[in-house]
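No hydrogens, no waters, no symmetry mates; every other heavy atom, side chains included, goes into these values. These numbers come from a predicted model, not from an experiment. Counting from 1, the numbers follow the sequence of the chain as shown.
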Amino acid sequence: MGKLDELRQKAAGFEIRKSYQYLLYIVAVLPGVLFLLAYLLRNGGMGVALARMFHTYNLYVSSPLPNLSPFNGTGVLGLGLLAALLVWAVRRRDWPDLLVTAALGGLNLLYFSMEWNYQLLRFLNLTGGVL
């Protein structure tokens, strides 16, 4: 059996079962892939679209800081997802998972409250202009 077959078997057996794994996927993996693709393709039209998608995803899905002003609603979904994952860990009585999920949620809260997400946007081409 080759290395590729071993990797396929490991990938087929990988399952997400913990709250912190879902949180990592929502706040780190998906935005990271979007950022990487937007950065690599930043001079083309697809890079601009991916950069805008990255920014919108961060504001509406990843951010746990709700902005309840009329017609805005940024961060409401992120806060709801974090709360749901914390409640899910409590209902399963998985205390290590709860601690890791709360710590990752706290780091995510710090990331958005310090507005580090806007520092990342400097590397992307959101307007479609020449870099």
Side-chain angles (χ1 to χ4, degrees):
M1 182 173 2
K3 291 278 186 184
L4 191 58
D5 292 330
E6 289 178 27
L7 285 174
R8 280 190 189 134
Q9 285 180 349
K10 286 182 182 179
F14 181 74
E15 294 181 24
I16 296 178
R17 297 180 182 176
K18 302 283 186 175
S19 298
Y20 76 89
Q21 292 171 325
Y22 281 107
L23 188 63
L24 271 176
Y25 185 73
I26 292 168
V27 302
V29 174
L30 286 177
V33 168
L34 280 173
F35 178 82
L36 182 65
L37 289 173
Y39 181 76
L40 293 175
L41 302 170
R42 68 183 178 266
N43 292 330
M46 186 57 127
V48 173
L50 288 170
R52 290 177 182 167
M53 191 182 306
F54 166 76
H55 181 56
T56 303
Y57 182 86
N58 271 338
L59 286 180
Y60 287 97
V61 179
S62 293
S63 175
L65 295 174
N67 184 358
L68 300 176
S69 64
F71 305 111
N72 192 348
T74 59
V76 174
L77 184 60
L79 182 63
L81 286 170
L82 178 61
L85 290 172
L86 290 171
V87 167
W88 185 45
V90 169
R91 289 191 61 160
R92 290 182 291 119
R93 291 186 173 89
D94 192 352
W95 308 124
D97 182 31
L98 176 67
L99 290 175
V100 173
T101 304
L104 289 174
L107 286 174
N108 192 32
L109 184 72
L110 180 67
Y111 171 75
F112 282 101
S113 65
M114 299 297 286
E115 296 185 353
W116 292 334
N117 57 327
Y118 292 111
Q119 299 298 322
L120 281 179
L121 289 178
R122 291 178 167 176
F123 298 106
L124 301 179
N125 186 5
L126 283 172
T127 61
V130 178
L131 289 178

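Counting heavy atoms from C-beta on, the side chains of Leu81 and Val61 come closer than 4.5 Å. Side-chain contact between Val100 and Leu104: present, with at least one pair of heavy atoms (C-beta onward) separated by less than 4.5 Å. Taking the side chain as every heavy atom from C-beta outward, Leu98 and Pro96 never approach each other to under 4.5 Å. Looking at heavy atoms from C-beta onward, Tyr20 lies out of side-chain contact with Leu99 at the 4.5 angstrom threshold. At a threshold of 4.5 Å between non-hydrogen side-chain atoms, the residues Val87 and Arg91 count as touching. Two residues are said to be in side-chain contact when any heavy atoms from C-beta on lie closer than 4.5 Å; Tyr57 and Ile26 meet this criterion.
By the ring pair (Phe, Tyr, Trp, His ring centres under 6.0 Å) test, Tyr22 pairs with Trp88, sequence neighbours left out. Qualifying ring pair (Phe, Tyr, Trp, His ring centres under 6.0 Å) partners for Phe35, counting only residues two or more places apart in sequence or in other chains: Phe54.
When hydrophobic clusters are built by joining Ile, Leu, Val, Met, Phe, Trp and Tyr residues whose side-chain heavy atoms come closer than 4.5 Å, directly or via intermediates, Leu79 is not grouped with Leu107.
Proximity of a side-chain donor or acceptor of Asn67 to a complementary backbone N or O of Thr74 within less than 3.5 Å is not detected. Not a single donor-acceptor pair under 3.5 Å links the side chain of Asn108 to the backbone N or O of Pro64. Judged by distance alone, the side chain of Ser113 and the main-chain N or O of Leu110 form a donor-acceptor pair under 3.5 Å.
Within 6.0 Å of OH on Tyr39 lie no more than 12 heavy atoms contributed by other residues, nucleotides or ligands.
In this structure, the separation between OH on Tyr25 and CG on Leu23 is 13.5 Å, given to the nearest 0.5 Å. Taking CG of Leu109 as the start and CE of Met114 as the end, the distance is 11.5 Å to the nearest 0.5 Å. Residue Thr101 holds its OG1 atom at 9.5 Å from NZ of Lys18, rounded to the nearest 0.5 Å. Here Ser63 contributes atom OG and Leu82 contributes atom CG; the two are 10.5 Å apart, rounded to the nearest 0.5 Å. Here the CG-OG distance, from Asn117 to Ser62, works out to 9.5 Å after rounding to the nearest 0.5 Å.
The minimum heavy-atom distance between Arg42 and Val48, with the atom names listed, is O-CG2, 4.4 Å.
Applying the salt bridge (charged side-chain N to carboxylate O under 4.0 Å, His left out) test to pairs two or more places apart or on separate chains, none has a residue in residues 110-121.
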